[in-house]
Participant: 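Handing you this structure, nothing more for now.
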Amino acid sequence: MFTGLVHTTGSLRPWQGDQVLIIPDQDLGELALGDSVAVDGVCLTVAGLMEGGFLADLSPETRRRSTLGCRRRVNLEPSLRVGEKLGGHFVTGHIDGVGELLGREATGSAWELRFGIPAALWPYVVPKGSIAINGVSLTIANLQEMGQEMGQEISLTVAVIPHTYHQTTLADLAIGDPVNLEADILGKYVHKLLGSRFQPEVSLAFLQEHGYL
């Protein structure tokens with residue numbers, strides 16, 4: 001489990017076979033074999049310790065469902081430990097989809113970034129809700145509802161403060177760059193619980209039974 005508060009950035013380099021070498025720019029603290037680290041929002045397992053970095057395996061599924069196959073600069077966050085502060089939101093490190101940066105606008109001392117996201121994520125995003133983008137916990141400022149039909153892309157805007165903008169790789173993104181997306185897990189559970197198998201059929205009898213008529 002992670003919080004979406006990036007501890008440092010780092011470099012990702014191909015290694016032997018399906019392994020990659022990740023070199024943090026700053027100390028991530030004590031790591032051990034088997035520990036979990038969020039790498040651009042993807043939960044990876046420490047498979048080996050190297051001087052100044054660690055090795056992790058990238059499965060074919062991870063390469064297909066994330067941007068790690070093409071990323072060289074990444075955000076890094078070690079897993080949350082019991083008793084630590086939860087300053088962001090609950091992030092699992094399981095990517096829901098890949099989006100892209102559509103626009104960037106400076107607003108005073110902050111930045112507004114607009115991302116295109118897959119339509120399948122639409123049920124899980126709400127204004128002022130949380131989303132992890134490349135492992136960064138961000139608050140959704142605005143949703144673009146045009147073209148939300150399945151198979152079409154929708155967009156959302158997030159406001160990024162200077163500290164987050166400069167201490168993560170968000171400032172390095174170019175228009176059109178892909179990003180890893182993870183919707184708020186609480187929203188996904190609520191959506192499942194309120195899904196079709198729990199949803200009653202709305203009829204005149206149902207409305208009368210519950211006092212609406």
Side-chain angles (χ1 to χ4, degrees), residues 1-14 20-26 28 36-45 53-54 56 58-59 61-80 86-105 110-118 120-121 124-125 129-143 153-185 187-188:
M1 186 68 69
F2 308 93
T3 68
L5 299 184
V6 172
H7 282 216
T8 185
T9 53
S11 300
L12 185 150
R13 303 176 185 175
V20 291
L21 172 63
I22 299 156
I23 303 175
D25 295 334
Q26 299 177 21
L28 276 178
S36 296
V37 179
V39 180
D40 253 14
V42 182
C43 179
L44 296 182
T45 300
F54 64 94
L58 286 190
S59 68
E61 174 74 1
T62 299
R63 293 181 185 273
R64 282 195 301 268
R65 295 183 64 88
S66 73
T67 66
L68 291 188
C70 62
R71 191 73 74 207
R72 292 297 175 265
R73 294 289 299 164
V74 291
N75 298 314
L76 300 172
E77 180 193 353
S79 58
L80 183 65
L86 180 65
H89 72 282
F90 288 118
V91 177
T92 66
H94 301 153
I95 301 304
D96 294 313
V98 173
E100 65 173 314
L101 180 65
L102 299 179
R104 174 192 283 110
E105 181 179 353
W111 285 264
E112 287 189 354
L113 304 181
R114 187 165 64 91
F115 294 93
I117 68 172
L121 268 65
Y124 314 120
V125 292
S130 297
I131 190 169
I133 300 179
N134 280 354
V136 184
S137 175
L138 297 168
T139 300
I140 299 167
N142 184 45
L143 286 171
E153 203 172 60
I154 58 178
S155 69
L156 59 81
T157 301
V158 294
V160 184
I161 62 174
H163 175 81
T164 302
Y165 190 75
H166 292 297
Q167 297 300 316
T168 68
T169 62
L170 293 178
D172 301 329
L173 291 174
I175 302 300
D177 277 355
V179 293
N180 296 319
L181 302 169
E182 182 188 335
D184 189 348
I185 189 172
K188 288 186 279 188

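The structure displayed is predicted, hence computed values, not measured ones.
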Participant: Are the side chains of Val6 and Gln167 in contact, using a 4.5 Å heavy-atom criterion?
Facilitator: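 Side-chain contact under 4.5 Å: no.
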Participant: Find out whether Tyr124 and Ile117 are in side-chain contact, i.e. whether some heavy atom of one side chain is under 4.5 Å from a heavy atom of the other.
Facilitator: no
Participant: Could you tell me whether Arg72 and Asp172 have a side-chain N and a carboxylate O separated by less than 4.0 Å?
Facilitator: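 The answer is no: the pair does not qualify as a salt bridge.
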Participant: Given side chains that start at C-beta, do those of Leu58 and Leu44 come closer than 4.5 Å, heavy atoms only?
Facilitator: yes
Participant: Give a yes or no on whether the backbone of Gly4 and the side-chain of Glu77 come within a donor-acceptor separation of less than 3.5 Å.
Facilitator: yes
Participant: Hey, is the main chain of Gly135 close enough, under 3.5 Å, to the side chain of Asn180 for a donor-acceptor pair?
Facilitator: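 Looks like no, no N/O pair under 3.5 Å.
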Participant: If you measure from OG1 on Thr168 to CD1 on Ile133, what distance do you get to the nearest 0.5 Å?
Facilitator: 10.5 Å
Participant: In plain terms, say whether Arg71 and Asp40 are close enough for a salt bridge, that is, a side-chain N and a carboxylate O under 4.0 Å apart.
Facilitator: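 Result for this pair is yes, salt bridge flagged.
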Participant: Does the plane of the ring in Trp111 sit parallel, tilted or perpendicular to the ring in Tyr165? Use 30° and 60° as the thresholds.
Facilitator: parallel
Participant: If you round to the nearest 0.5 Å, how far is OG of Ser130 from CD1 of Ile185?
Facilitator: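 Spacing of CD1 (Ile185) from OG (Ser130) equals 13.0 Å.
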Participant: Looking at Asn75 and Asn134, would you say the former's side chain and the latter's main chain have a donor-acceptor pair under 3.5 Å?
Facilitator: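 Confirmed, Asn75 side chain pairs with Asn134 backbone.
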Participant: Taking the side chain as every heavy atom from C-beta outward, state whether Asp96 and Leu181 have any atom pair closer than 4.5 Å.
Facilitator: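 The answer is no; the side chains never approach within 4.5 Å.
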Participant: How about Leu12 and Val39: do any of their side-chain heavy atoms sit closer than 4.5 Å?
Facilitator: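 Yes, side chains in contact.
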Participant: Side chains of Leu173 and Val179: does their closest heavy-atom pair fall under 4.5 Å?
Facilitator: yes
Participant: Do Ser79 and Phe2 have side chains that approach each other closer than 4.5 Å (heavy atoms only, starting at C-beta)?
Facilitator: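 Of all side-chain heavy-atom pairs linking Phe2 with Ser79, at least one is under 4.5 Å.
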Participant: Quick check against the 3.5 Å criterion: does Gln26 have a side-chain atom that pairs as donor or acceptor with the backbone of His7?
Facilitator: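 No.
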Participant: Rounded to the nearest 0.5 Å, how far does CG of Leu76 lie from OG1 of Thr8?
Facilitator: 6.5 Å
Participant: At their closest point, which heavy atom of Ala110 faces which heavy atom of Ile161, and how far apart are they?
Facilitator: CB-CA, 4.4 Å
Participant: Between Ser155 and Leu102, which heavy-atom pair has the shortest distance, and what is it?
Facilitator: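 Of all heavy-atom pairs spanning Ser155 and Leu102, the closest is CB-CD1, 4.0 Å.
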Participant: About how many Å separate OG of Ser59 and CZ of Arg65, when rounded to the nearest 0.5 Å?
Facilitator: 10.5 Å
Participant: Give a yes or no on this: more than 12 heavy atoms of other residues, nucleotides or ligands lie within 6.0 Å of atom CZ of Arg13.
Facilitator: no
Participant: Would you call Val125 and Ile131 a side-chain contact if the rule is heavy atoms closer than 4.5 Å?
Facilitator: yes
Participant: Verify side chain to side chain contact (heavy atoms under 4.5 Å, CB included) between Leu68 and Val20, making sure each step is shown before the conclusion.
Facilitator: CA-CA 10 Å; Leu68 291 188; Val20 291; over 6 Å; no
Participant: What's the shortest heavy-atom distance between Gly53 and Leu21, and which atoms?
Facilitator: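 It is C-CD1, 4.5 Å.
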Participant: Do you know the tightest heavy-atom contact between His89 and Ser137?
Facilitator: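 Result for this residue pair: ND1-OG, 2.7 Å.
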